[in-house]
Amino acid sequence: MGLPPARVEIAEFDPLRDEGRLYAEALKNAGVAVDLRFVPGAIHGYDFVEASPTTERVFAERIEAIRRFLGAEGSRLRG
């Protein structure tokens with residue numbers, strides 16, 4: 001299909017958790033490389049909470065995922 005890799009994050013207490021899991025499965029079934037992440041103890045919108053250790057950790061993981069997805073191109077993102 002030529003689709004780029006995807007990252008899907010699922011918060012433990014998100015009302016859309018099951019839909020996120022099904023979406024990731026559908027992508028995988030379509031041949032898309034999926035980086036599925038489960039965020040324990042988190043609610044929907046957790047990443048809007050400033051100075052949260054969970055938010056800071058997940059943001060760092062997102063940046064690393066972007067670097068991985070871009071391959072060598074991502075090395076330019078390193079500060």
Side-chain angles (χ1 to χ4, degrees):
M1 291 185 74
L3 295 173
R7 178 180 170 94
V8 178
E9 293 174 0
I10 302 171
E12 182 175 8
F13 300 110
D14 191 326
L16 300 173
R17 181 191 64 221
D18 295 338
E19 286 82 354
R21 192 167 286 158
L22 289 172
Y23 177 62
E25 287 177 23
L27 288 171
K28 283 182 183 181
N29 291 337
V32 175
V34 177
D35 180 15
L36 177 60
R37 297 295 178 175
F38 180 75
V39 184
I43 60 169
H44 183 87
Y46 69 91
D47 53 349
F48 286 106
V49 179
E50 292 184 39
S52 159
T54 299
T55 299
E56 291 176 8
R57 178 182 51 80
V58 172
F59 276 17
E61 290 175 4
R62 288 176 185 174
I63 291 168
E64 188 54 39
I66 291 169
R67 288 181 177 140
R68 252 191 343 271
F69 290 159
L70 293 176
E73 296 277 330
S75 63
R76 289 188 233 159
L77 296 175
R78 299 178 200 272

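Given the structure is predicted, the values throughout are model-derived calculations rather than measurements.
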Side chain to side chain contact (heavy atoms under 4.5 Å, CB included) assessment of Asp47 paired with Val58: CA-CA 8 Å; Asp47 53 349; Val58 172; 5.7 Å; no

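- A salt bridge between Glu9 and Arg7 is present, with a side-chain N of the basic residue lying under 4.0 Å from a carboxylate O of the acidic one.
- Of the possible polar contacts, one joining the Glu12 side chain to the Gly41 backbone as a donor-acceptor pair under 3.5 Å is found.
- Between the side chain of Thr55 and the main chain of Tyr46, a donor-acceptor pair closer than 3.5 Å is present.
- With values rounded to the nearest 0.5 angstrom, Leu36 atom CG is found 4.5 Å from Ile10 atom CD1.
- A salt bridge does not link Lys28 with Glu25: none of the charged nitrogens is closer than 4.0 Å to a carboxylate oxygen.
- Heavy atoms only, all atoms of each residue included: Ala42 and Ala11 are closest at O-CB, 3.6 Å.
- When every heavy atom of His44 is checked against every heavy atom of Pro15, the shortest pair comes out as CB-CD, 4.0 Å.
- Applying the side-chain hydrogen bond (donor to acceptor under 3.5 Å, both in side chains) test to Arg57 and every residue at least two apart in sequence or in another chain returns Glu61.
- Atom CG of Asp14 sits about 10.0 Å away from atom CZ of Phe38, to the nearest 0.5 Å.
- For the atom pair CG (Leu22) and CG (Leu27), the distance works out to 11.0 Å, reported to the nearest 0.5 Å.
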Verdict with supporting geometry, Asp35 and Val8, side chain to side chain contact (heavy atoms under 4.5 Å, CB included): CA-CA 6 Å; Asp35 180 15; Val8 178; over 6 Å; no

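- Considering CD of Glu64 and CZ of Arg62, their distance stands at 14.5 Å, rounded to 0.5 Å.
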